[in-house]
Amino acid sequence: MNLHRKGRAALVLALVAVVAMAFRVSWNALRDIAGAVGADDTAAMLYPFVVDGLMALALIATLVLADRDRTFALRVLGAYTVASLVLNYVHGLVPELHGRTVDWGRLADWDPANWALVLLATSLPVGSIYFGSDLVAKVLHHRPAPLPAGSANTEESTETTMKRSTADLPISTPEPITPNAAALPRPVAAGFLKSTLPAKPYPSIAPALAKPIESRAVAAESTRPRRATGRVPDAAKPTRSKRTPDQLLAEARKATAGWPDAKVTGEGIRRAIRTSPANARSLRDTLLAERAAASAEVG
C-alpha cells in the first residue's frame with residue numbers, strides 16, 4: 001500500500017513539473033501577443049497566467065468532478081489548449097512579435113485572419129473570469145459519491161488472501177495421529193473368582209394361583225350423541241297405533257268445533273291432532289266443505 005501511494009505522489013509531481021516547463025516555454029509567446037494587442041508591460045506579464053493558469057485549473061477540475069461537470073471541464077481545457085496553441089503558432093510565424101516591432105492590433109497580414117486572432121487574444125481574459133468562476137463553484141459544490149462497503153478493505157482482503165496462499169504460514173498441517181502401541185492386559189475367565197463350594201439347597205415354593213378376571217361388557221362412553229343405525233327395536237317404537245281416516249276426521253271435528261272458518265287451516269289442524277301435513281290439508285278441505293254445506297242448508 002505504501003508503494004501504491006508513493007507511485008501516485010511521483011506521478012503528480014511529474015505532472016506538475018511538465019506543466020511548469022510547458023508554462024515557461026509558452027510564456028514568451030503569450031506575453032508578446034498580449035503586448036501586440038495593446039496590453040501594457042504589467043498586463044502582458046500577467047497574460048500567460050490568464051490562459052495557461054485556467055488550463056491548469058480546468059485540469060484539476062477534471063480530476064475532481066464527475067459526469068456532466070467533468071465533460072464541461074474537459075471542454076474548457078480543450079478550448080483553452082487550442083487557443084494557446086494558435087497564439088503560440090502565430091508567435092512563431094511573425095518574427096516582428098519577438099522584438100515588439102509590429103504595429104498594434106496587427107497579428108496577420110490578411111484582415112479577416114487578423115480580426116479573428118485579435119478577437120481570440122482579447123476574449124481569453126474575459127473567458128478565464130467566466131469559466132474559472134464556474135469551475136471553482138462546481139468544485140466547491142461537488143459531493144463525491146459514497147464508496148461501497150466492500151471497497152474500503154479491498155487492499156487488506158487481497159493481502160490476507162495472498163498470505164493464506166503462501167507455504168510459510170505459522171500454522172502447518174497437523175501431524176497424523178499414530179495408534180497407541182502399548183499392549184493391553186489379557187482377558188480373564190468369567191468363573192475365576194466364583195466359589196467352588198456347593199450352594200445350600202432351598203425348598204421350592206409353589207406359585208400361588210391367581211383368580212381369573214371375569215370379563216364384563218361395558219358400554220363405551222362417548223361425548224357425542226350416537227346416531228341410530230339399522231332397525232329400530234320395538235321398545236323404541238311409539239305405542240300409539242295408526243289412526244284411520246275416519247278417526248282423524250272425528251278428532252279434527254272435535255278439535256275445530258269452536259274455531260271460526262278463518263282459523264281452520266292445515267297447519268292448525270296438524271298441530272291440534274298431530275298428523276302429517278298431507279292429512280291435515282285433506283281434513284281442512286273436508287271440514288270447510290261440511291261447514292259450507294251446513295250453511296247452505298240453514299240459509
Taking every non-hydrogen atom, the tightest pair across Ile273 and Ala255: CG2-CB, 4.2 Å
Approximate separation, where rounding is to 0.5 Å, of His142 NE2 and Leu135 CG: 13.0 Å
Side-chain heavy-atom pair Leu249, Glu290 within 4.5 angstrom cut-off: yes
ILVMFWY cluster, Leu65 and Leu57 together (side-chain gap under 4.5 Å): no
Greater than 12 external heavy atoms within 6.0 Å of Asp67's CG: no
Minimal non-hydrogen separation, Gly35 against Ala44, with atom names: N-CB, 4.2 Å
Contact check, side chains of Leu54 and Leu77, non-hydrogen atoms, under 4.5 Å: no
Flag side-chain contact, heavy atom, 4.5 Å: Leu287 against Ile269: yes
Single-linkage hydrophobic cluster, 4.5 Å side-chain cutoff, Leu283 and Leu288 together: yes
Distance in Å, Asn88 CG paired with Asp32 CG, rounded so as to fall on 0.5 Å steps: 10.0 Å
Partners meeting ring pair (Phe, Tyr, Trp, His ring centres under 6.0 Å) with Tyr89 (sequence neighbours left out): none
Minimum side-chain heavy-atom gap Lys138-Val64 below 4.5 Å: no
Thr275 side, atom OG1; Leu248 side, atom CG - distance, nearest 0.5 Å: 5.0 Å
Result block: side-chain N/O donor-acceptor pairs under 3.5 angstrom for residues 118-130, not counting sequence neighbours:
residue : atom : partner : partner atom : Å
Thr122  : OG1  : Val118  : O            : 2.7
Thr122  : OG1  : Leu119  : O            : 3.2
Ser123  : OG   : Leu119  : O            : 2.8
Ser123  : OG   : Leu120  : O            : 3.1
Ser128  : OG   : Val50   : O            : 3.0
Ser128  : OG   : Tyr80   : OH           : 3.3
Ser128  : OG   : Leu124  : O            : 2.8

Minimum heavy-atom distance Phe131-Val76, with the two atoms named: CD2-CG2, 3.8 Å
Heavy-atom closest contact (Gly268 atom, Trp259 atom, distance): O-CH2, 3.7 Å
Pairwise side-chain contact, Arg291 with Thr256, heavy-atom cut-off 4.5 Å (strictly under): yes
ILVMFWY network linking Leu59 to Leu140, side-chain heavy atoms under 4.5 angstrom: yes
Lys/Arg-Asp/Glu bridge criterion (N-O < 4.0 Å) met for Glu267, Arg270: yes
Atom pair CZ (Arg271) and OG1 (Thr265), whose distance is rounded to the nearest 0.5 Å: 8.5 Å
Considering all heavy atoms, the nearest Ser84-Met55 contact: CB-SD, 4.2 Å
Exercise: do Asn279 and Ser276 side chains pair donor with acceptor under 3.5 Å: yes
Hphob cluster co-occupancy, Val82 + Leu117, side-chain heavy atoms under 4.5 angstrom: yes
Partners passing side-chain hydrogen bond (donor to acceptor under 3.5 Å, both in side chains) against Arg70 (at least two apart in sequence or in another chain): none
Shortest non-hydrogen contact between Arg274 and Arg243, atoms and distance: O-NH2, 2.9 Å
Gap separating the CG atom of Leu46 from the CG atom of Asp40, nearest 0.5 angstrom: 9.0 Å
Validation row: Asp134, Phe72 side chains within 4.5 angstrom (heavy atoms): yes
Under 3.5 Å: donor-acceptor pair, side chain of His141, backbone of Ala137: yes
